[in-house]
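As structure tokens, the structure follows; a few thoughts come after it.
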Amino acid sequence: MSRRMYRSALVIGGIVAAAALVGSTAASAAPGRPGEPRYGAGAEGAGDPYFPLAGNGGIDVLHYDLDLDYTPPAAEPAPLEGQLSGVATIELVATQDLDRFNLDLRGLTASSVVVGKKSMSFTQTDNELVITPRPKLKTGQSTTVVVTYGGTTTEPTDIEGALYGWVTTRDGAMVVSEPDGSATWFPVNDHPTDKATYSFEITVPEGLTAVANGVLAGSETAGGKTTWTWDAPDPMAAYLATATVGEFRLEQYTAANGTPIIDAIDVTRTPSQVAALALTGDMLSFFEERYGPYPFVSYGAIVDDDSVGYALETQTRSFFSRNASEGTVAHELAHQWMGDHVSPARWADIWLNEGWATYSSWIWLEHRGQSTAQARFQQVMNRAPGSSTWNTVVADPGPLGIFGTPVYDRGAATLHALRVKIGDTAFFDLATEWVARFGGGTATTADFIALAEEISGQDLADFFDVWVYQPPKPTAW
Ligand code: ARG
Ligand code: ZN
């Protein structure tokens, strides 16, 4: 589902108009009648320079229904390998005339691909499942693609070597896929520009719990296996999907703002490791006052006993490694507005996720009587001249820099400096309007700057130039 907002729509409109001009010139030279389909292959990537193979061209996925059957590793010291088999039923629309298109799939093998009820031929490369639909698909045509697939799960790593994707654990799996790890567990258009709704039926050995996004629709046990059914009706970027499996206790309640909460706490966690989760309801109200209504059907946390070494803002169900500290609980909750509902149009824009989430934890902790946002800003400004904080382009940190300190801390400092410059009223109006205008879709740094100028009535070109486009430490803004 590509729900482009107002400002990006203008840009897209411009590109479409230009493409139509080129197309008509080509058409007058080529045989064939105008208006006839011009079939071609969808691109093998979504066009993100940081991750060229992530996502695909020519398709817009509306819904993924993931029917997974998973067996975790046998007792130690067996290798950390699980067995996953899946049937992914994918509703999509062709956005160009297609005689071929790709989905991303890595480390698992497809055994059959059905398009519109007919078996199709397909091939697989390291990252791509290449499908040849017959009959070919015309622009605007919707169809259902059913991929049956499976294989051995291991411990995949991202471009930096951090664990991500379907990470096999002793008692299940930790499933956290930012930025392009979803392809390690289902065939996917793995880029935030194509959000979709999801449903999950995850079958695991009886006694284990499978936790996904959205609301729990039920669980059924038969023959020593339990199938957990989850529904995630809010459009979601693929990296935010989860299907984490382990020995979890589910805790369900309704927050003060009315949001249903489902926390999944590994049975080995001590009360102090998860104590900060009790603040979730207060935090929801705190961020609603500043960013507008909580955007999704539910919320909650997964706290696993195994660790990928970080937390992730998995949509509606944030993931925590081993323990959930107060600052991180605030950070991942704020991401639901900033990152999940409004997502980066390209991975270069990730400071809009991490700067906002980091700044959100600053203002939450200030509200709780800890250091002020101003003091934390000052700490960032006090960093040594040689610090990476002062040699990074925050709005284009490079693929190896997307989770770097400058994106988080200088991103947050940028927002604090902006708040001081335009005043509290304009700043929080900007935050609310950002979510209202771009929520459900994606946005860019240019979109953010334009909205900040619109809401504040100020020319902010120099401000953003020194804060996010030039590497050196800002001295005047
Ligand atoms: N977005 C996560 C957070 O800030 C961090 C994800 C790190 N992912 C990774 N593949 N290293 O909470
Ligand atoms: Zn974050």
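Residues: numbered from 1 along the sequence shown. In each ligand, atom 1 is the first atom listed, and ligand 1 is the first ligand listed. All values below come from the heavy atoms of this structure, side chains included, with hydrogens, waters and symmetry mates left out.
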For the rings on [X] and [Y], is their centre-to-centre separation under 6.0 Å?
X	Y	value
W228	F248	no
W356	F427	yes
Y294	W337	yes

Please identify each residue that fulfils side-chain contact (heavy atoms from CB on, under 4.5 Å) with A395, with sequence neighbours left out. W351, T445, V468, Y469

My understanding is that only residues two or more places apart in sequence, or in another chain, count here; which of them pass side-chain contact (heavy atoms from CB on, under 4.5 Å) with P233? V297

Please confirm whether R290 makes a cation-pi placement over F286, using NZ or CZ under 6.0 Å from the six-membered ring centre and within 45° of the ring normal. yes

Distance filter under 2.8 Å, centred on the Zn ion (ligand 2) - protein N, O or S atoms that pass it: H331 NE2, H335 NE2, E354 OE1

Interatomic distance, OH@Y198 vs CG@D231, rounded to 0.5 Å, equals 14.0 Å

Can you list the steps and then say if R383 with D409 is a salt bridge (charged side-chain N to carboxylate O under 4.0 Å, His left out)? CA-CA 11 Å; R383 286 195 184 148; D409 292 359; 2.6 Å; yes

Qualifying residue for side chain to side chain contact (heavy atoms under 4.5 Å, CB included) with D266, from D304, D306, I302: D304

Can you list every protein residue that has a heavy atom under 4.0 Å from any atom of ligand 1, sorted by chain and residue number? D158, A162, E178, Y310, A311, L312, E313, H331, E332, H335, E354, F403, Y408

